[in-house]
Amino acid sequence: MARTIAIVNQKGGVGKTTTTVNLAASIARSGLRVLLVDLDPQGNATMGSGIDKRALPQTVYHVLLGLATIERARTRSESGGFDVLPANRELAGAEIELVDLENRETRLKSALALVADRFDFILIDCPPSLSLLTLNGLAAAHAVVIPMQCEYYALEGLSDLVNTIRKVRQTINPSLEIEGLLRTMFDPRNTLSQQVSDQLQQHFGAKVYETVIPRNVRLAEAPSHGIPGIRYDESSKGAQAYLQLAEEMLERFRLASPTGGL
Ligand code: ADP
Ligand code: MG
């Protein structure tokens, strides 16, 4: 049974997609089977995995509306070594079309249940909103990873997100956990970043990953080549950080389930 993790933060530009693609590639490299689900109509995770979002007969949109199975709609990221349930702009329409459908918040969860035994990890890249699409991600997940930039308003946004997670627990997904908070695009020379980072650790303690993702231009260049950063320039500081993050995640996971869980 796959462990399903939603990468979520209602703020845009905090590194959700970069984290999803690089974690998927890092976990896949250790020999595990990974499915990346792109839940953002921008399709950045799809493109960053080397898949042309304009040339897709079926996507996560069709899966959410019950027009295709994941088995049919999934495709392979050759550059990343994992499977992708891709997205493109069509997904923006799902938001409206889902409203009148039954079980509108748990459609992704039901679809993923049919393929959960084929993967070790399912990583869901959420859009920058607390929309119906994000709720589908939160309903389907065992846990969330929250990437964040250590800037002044970050903590405020975080309390909105934590409240949403609480509400989701009370309704559609009682067992949803916070897997970890990830500091992204970090610049240790910036004193404000350091202060926000300290506050984060005071508030969330061990939930904050020890691994910090530095600001690194190679990570930003990789998507335009359709290659995950960890494969585009493995020796870069950014790539090394994501490889280390995957190690830290897998280690936490092993500790949480001594039988290995996989
Ligand atoms: P989100 O999915 O939260 O909107 P992205 O992962 O798309 O965020 O990142 C936003 C932008 O910042 C992208 O252009 C991405 O390439 C760049 N970026 C992400 N992480 C880093 C990093 N660690 N260093 C430098 N640039 C980064
Ligand atoms: Mg994104």
Side-chain angles (χ1 to χ4, degrees), residues 5-26 36-51 53 59-61 77 79-80 84-89 91-92 94-95 123-131 133-134 136-138 141 144-151 153-154 157-158 160-161 164 179-190 193 196-197 208-246 248:
I5 296 171
I7 292 65
V8 62
N9 190 326
Q10 74 276 23
K11 273 192 80 168
V14 297
K16 287 183 291 298
T17 299
T18 306
T19 298
T20 312
V21 170
N22 281 289
L23 263 184
S26 300
L36 183 159
V37 178
D38 191 351
L39 257 194
D40 187 339
Q42 294 181 87
N44 292 344
T46 300
M47 296 293 279
S49 303
I51 294 153
K53 65 180 176 185
T59 66
V60 67
Y61 166 84
S77 167
S79 65
V84 179
L85 179 55
N88 57 27
R89 285 186 58 188
L91 181 59
E95 195 74 51
L123 303 180
I124 306 173
D125 186 26
C126 291
S129 64
L130 296 174
S131 61
L133 288 173
T134 299
N136 264 275
L138 294 178
V144 298
V145 166
I146 306 173
M148 54 182 299
Q149 274 182 276
C150 288
E151 43 183 42
Y153 291 112
L158 197 56
D160 290 341
L161 180 54
T164 301
E179 179 94 9
L181 284 93
L182 176 65
R183 292 163 286 177
T184 57
M185 294 180 239
F186 197 74
D187 177 2
R189 290 164 303 183
N190 181 329
S193 295
V196 172
S197 173
V208 182
Y209 287 112
E210 276 175 40
T211 308
V212 174
I213 310 299
R215 188 172 283 285
N216 179 256
V217 70
R218 305 298 268 169
L219 288 175
E221 286 168 8
S224 67
H225 300 270
I227 305 172
I230 69 135
R231 295 222 183 173
Y232 174 66
D233 181 356
E234 193 182 327
S235 63
S236 67
K237 287 217 165 77
Q240 289 298 313
Y242 274 113
L243 287 164
Q244 196 185 324
L245 174 68
E248 187 180 349

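One-based numbering, in listed order, for ligands and for the atoms of each. Side chains included, hydrogens not; waters and symmetry mates left out as well; all remaining heavy atoms used. The model shown is predicted, which means the values in this text are computed figures rather than measured ones.
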Ile146 pairs by side chain to side chain contact (heavy atoms under 4.5 Å, CB included) with which of Leu182, Val14, Leu158? Leu158
Do Thr17 and Asn44 pair up side chain to side chain, a donor and an acceptor below 3.5 Å, judged on atom types alone? no
If we ignore angles and hydrogens, is there a donor and acceptor under 3.5 Å between the side chains of Tyr242 and Thr19? yes
Does [X] reach the side chain of [Y], with side-chain heavy atoms less than 4.5 Å apart?
X	Y	answer
Glu95	Leu133	yes
Asp38	Pro86	no
Ile213	Leu219	yes

Restricting to under 2.8 Å, identify the protein N, O or S atoms around the Mg ion (ligand 2) as residue plus atom. Thr17 OG1
Heavy-atom cut-off of under 4.0 Å around ligand 1: list whichever protein residues fall inside it, by chain and number. Gly12, Gly13, Val14, Gly15, Lys16, Thr17, Thr18, Met185, Ile213, Pro214, Arg215, Asn216, Leu219, Ala220
Take Arg215 and Gln149, measure what side chain to side chain contact (heavy atoms under 4.5 Å, CB included) needs, and give me the verdict at the end. CA-CA 10 Å; Arg215 188 172 283 285; Gln149 274 182 276; 3.3 Å; yes
Nearest atoms (heavy-atom pairs only) where Phe186 meets Ser197: CE1-CB, 3.9 Å
Separation between CE of Met47 and CG of Asn88, rounded to the nearest 0.5 Å: 10.5 Å
